[in-house]
Amino acid sequence: MKNSKTVVGAVLTTLLCVPVSRATTAIENDKNIDAPIQYFLAHESGSHQHEKAHEPEVSHQSEVNHQPEENHQPEEVVLTEQQRQLAGVQTSVIEPRIYNQRVYAPGEVKVNGYSSSLVSPRTDSVVISRHAALGDEVEKGQVLVTLFSETIAQSQAEFLIASSNYSRAKKLDKNTISESALVEAENRYKASYGELIAFGLTPNAISSITALDVDAFGQYELVAVRDGVVLQDNFMQGQRVLAGETVMLLADESDIWIEASLPATSTFPVQVGDTAQVIFNGEHFTAQVIQQSHIIDPLTRTRTVRLAIRNTTHSLHAGMFVDVLFSVPTPSPVMAVPETAMVRSTDGDWVIYVENEASGAFTPVEVQRGEALGEYRRIEGVETGTRIVTHGAFFVASELAKSGFDPHNH
């Protein structure tokens, strides 16, 4: 019995050092091993085989099956005619052509200096009364203001004397008055008349001096020298105004100026005679460049471009701020599409949608976005003669996204 236990212990020690499967095989081949030991080893071997049977079997084929499937379907989408109509999808063939390049500049409405006039006394005077107010439309020759001046009173008196002497000298016989005396009387008359004209009196006002009352001496009137609107009247009745001081400003608002400010560093080729669009409160006006300054404003660091505009509707008034869009044609034909034709892709690139005229499918094509050309945008990356979506591109992009395709196959 002792020998039997010794043998069993030796066998167990050996089994601990070898795999169960190999130990089982060895015991089965050894007929001298006791039955209990054979049962134990056989049971252990069976349990390990059972666990192995439940382990997932990994094979090369399984790894291949778990690889992500590549999408080989075409990156395009087809729309029905109903979808096109509901979404307003429009297509057209694009080709190189001349476009108008636009540049924005802020502008201000100014009085036309060539069709406006300042009303001012030519000698120190006192305002007696006004005959026109701010905003009034006046006609040429209309009385604007009545003034009084001591200098005018003295000139009027001298004119009366000179006029009387000259009239009497002309009536005298040549034997009674010398030729030189007649010439001197005539010259004094002309000088006094010219002085009153220089002071701003009209010929009608001068001719009526002889009929003036004594109380009216020194009074004179300033009249409008052109048709226009009173844009300024900075004076009050009884106020003393100096010679040359502005009493009123008259301007013809049917022809005004727009002064646009361009950056000092701008290289935009603006030329005299070019046209531009002036926008105010949604209303558009056509203006023409008449001048451009060659001096940079020291405060705003801009250069001024002056435009003339016909303001027949009187919608624009001096002091208003407007938007100015300069328009210059491109030097050569370029490829451009409407702004509505481009959309952003998922990775931030700009794409347009090209139509396959045979199948009716739309395919996204990445393009390079250039400068703005009015309502168009210059692009690169598409060939001439290509039919693209010009309106409704966003709808096409959404339909393509719903189909599960990545427009860039990323």
Side-chain angles (χ1 to χ4, degrees), residues 94-116 231 251 253 255-311 315-345 347-352 366-382 384 390 393:
I94 60 170
E95 296 178 346
R97 66 182 181 90
I98 299 294
Y99 291 89
N100 287 328
Q101 184 179 4
R102 291 186 178 181
V103 171
Y104 167 80
E108 183 179 357
V109 180
K110 296 285 187 176
V111 173
N112 188 333
Y114 302 152
S115 62
S116 60
L231 299 183
E253 285 196 315
D255 189 6
I256 58 177
W257 286 346
I258 305 293
E259 291 190 353
S261 299
L262 286 175
T265 57
S266 174
T267 58
F268 189 71
V270 178
Q271 301 294 333
V272 174
D274 291 344
T275 58
Q277 289 294 311
V278 176
I279 305 174
F280 176 76
N281 199 24
E283 191 173 358
H284 290 246
F285 306 86
T286 300
Q288 187 176 36
V289 177
I290 58 172
Q291 294 173 344
Q292 54 178 327
S293 175
H294 295 277
I295 301 176
I296 304 301
D297 190 300
L299 297 178
T300 62
R301 306 306 301 168
T302 59
R303 65 185 181 96
T304 300
V305 176
R306 180 175 291 167
L307 306 96
I309 185 172
R310 291 294 298 172
N311 186 34
S315 300
L316 301 176
H317 303 282
M320 287 181 172
F321 293 103
V322 296
D323 298 321
V324 182
L325 291 177
F326 292 96
S327 180
V328 174
T330 54
S332 60
V334 297
M335 295 284 285
V337 298
E339 293 282 3
T340 56
M342 293 184 294
V343 296
R344 288 277 193 182
S345 63
D347 57 2
D349 295 327
W350 288 101
V351 297
I352 61 174
E366 185 175 325
V367 294
Q368 298 296 323
R369 194 167 182 257
E371 70 275 10
L373 302 171
E375 297 179 355
Y376 289 79
R377 177 75 62 169
R378 187 178 66 83
I379 62 169
E380 296 179 359
V382 64
T384 180
T390 56

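- Residues satisfying the ring-ring contact (aromatic ring centres under 6.0 Å, His included) criterion with Phe321, sequence neighbours excluded, are absent altogether.
- The ring-ring contact (aromatic ring centres under 6.0 Å, His included) check on Phe285 picks up nothing, with sequence neighbours excluded.
- Nearest heavy-atom pair across Ala308 and Ile290 is CB-CG2, 3.8 Å.
- The CG atom of Asn281 sits 11.0 Å away from the CG atom of Asp323 when rounded to the nearest 0.5 Å.
- Closest of all the heavy-atom pairs between Asp297 and Leu299 is OD1-N, 2.8 Å.
- Rounded to the nearest 0.5 Å, atoms CZ (Arg102) and CD (Glu371) are 14.5 Å apart.
- Remark: Ala336 engages Tyr99, Leu373, Tyr376 in a side-chain contact (heavy atoms from CB on, under 4.5 Å) (not counting sequence neighbours).
- Between Ile379 and Met342, some side-chain heavy-atom pair lies under the 4.5 Å cut-off.
- With sequence neighbours excluded, the residues satisfying side-chain hydrogen bond (donor to acceptor under 3.5 Å, both in side chains) with Thr302 are Thr300.
- Summarising the geometry, atom OG1 belonging to Thr384 is positioned 7.5 Å from atom CD1 belonging to Ile94; distances are rounded to the nearest 0.5 Å.
- To the nearest 0.5 angstrom, Arg369 atom CZ is 7.0 Å from Arg344 atom CZ.
- Atom CG of Leu262 sits about 9.0 Å away from atom OG1 of Thr304, to the nearest 0.5 Å.
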Test log, rule side-chain contact (heavy atoms from CB on, under 4.5 Å), inputs Gln291 and Val272: CA-CA 6 Å; Gln291 294 173 344; Val272 174; 5.9 Å; no

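- For Gln271, the side-chain hydrogen bond (donor to acceptor under 3.5 Å, both in side chains) test picks out no residue, with sequence neighbours left out.
- A search for side-chain hydrogen bond (donor to acceptor under 3.5 Å, both in side chains) contacts involving Ser266 returns nothing, not counting sequence neighbours.
- Here Pro269 pairs with Val328 under the side-chain contact (heavy atoms from CB on, under 4.5 Å) rule; sequence neighbours left out.
- A distance-only check finds no donor-acceptor pair linking the side chain of Glu366 to the backbone of Asp349 [under 3.5 Å].
- Here the side chain of Asn112 pairs no donor or acceptor atom with the backbone of Ser116 at under 3.5 angstrom.
- Ala393 approaches Ala341 most closely through the heavy-atom pair CB-O, 3.7 Å.
- Among residue pairs with one or both ends in residues 302-311, those qualifying as salt bridge (Lys or Arg N to Asp or Glu O under 4.0 Å) are Glu259-Arg306; sequence neighbours excluded.
- With sequence neighbours left out, Glu95 forms a salt bridge (Lys or Arg N to Asp or Glu O under 4.0 Å) with no residue at all.
- Looking only at side-chain heavy atoms (C-beta outward), Val337 and Thr390 stay at 4.5 Å or farther from each other.
- Residues satisfying the side-chain contact (heavy atoms from CB on, under 4.5 Å) criterion with Ser332, sequence neighbours excluded, are absent altogether.
- Contact annotation: the side chain of Ile98 approaches that of Pro333 to within less than 4.5 Å [non-hydrogen atoms, C-beta and beyond].
- Side-chain contact between Tyr104 and Ile279: absent, with no pair of heavy atoms (C-beta onward) separated by less than 4.5 Å.
- Val109 pairs by the side-chain contact (heavy atoms from CB on, under 4.5 Å) definition with Ile256, Ile258, Leu316, Met320, Val322, not counting sequence neighbours.
- To the nearest 0.5 Å, atoms NE2 (His317) and CG (Leu231) are separated by 9.5 Å.
- Here the side chains of Val289 and Phe326 are in contact, with some heavy-atom distance below 4.5 Å.
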Would you sort out whether Thr286 and Gln277 count as a side-chain contact (heavy atoms from CB on, under 4.5 Å), showing the intermediate values? CA-CA 5 Å; Thr286 300; Gln277 289 294 311; 3.4 Å; yes

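- Listed by chain and number, the residues in a side-chain hydrogen bond (donor to acceptor under 3.5 Å, both in side chains) with Arg377 are Glu339 (sequence neighbours excluded).
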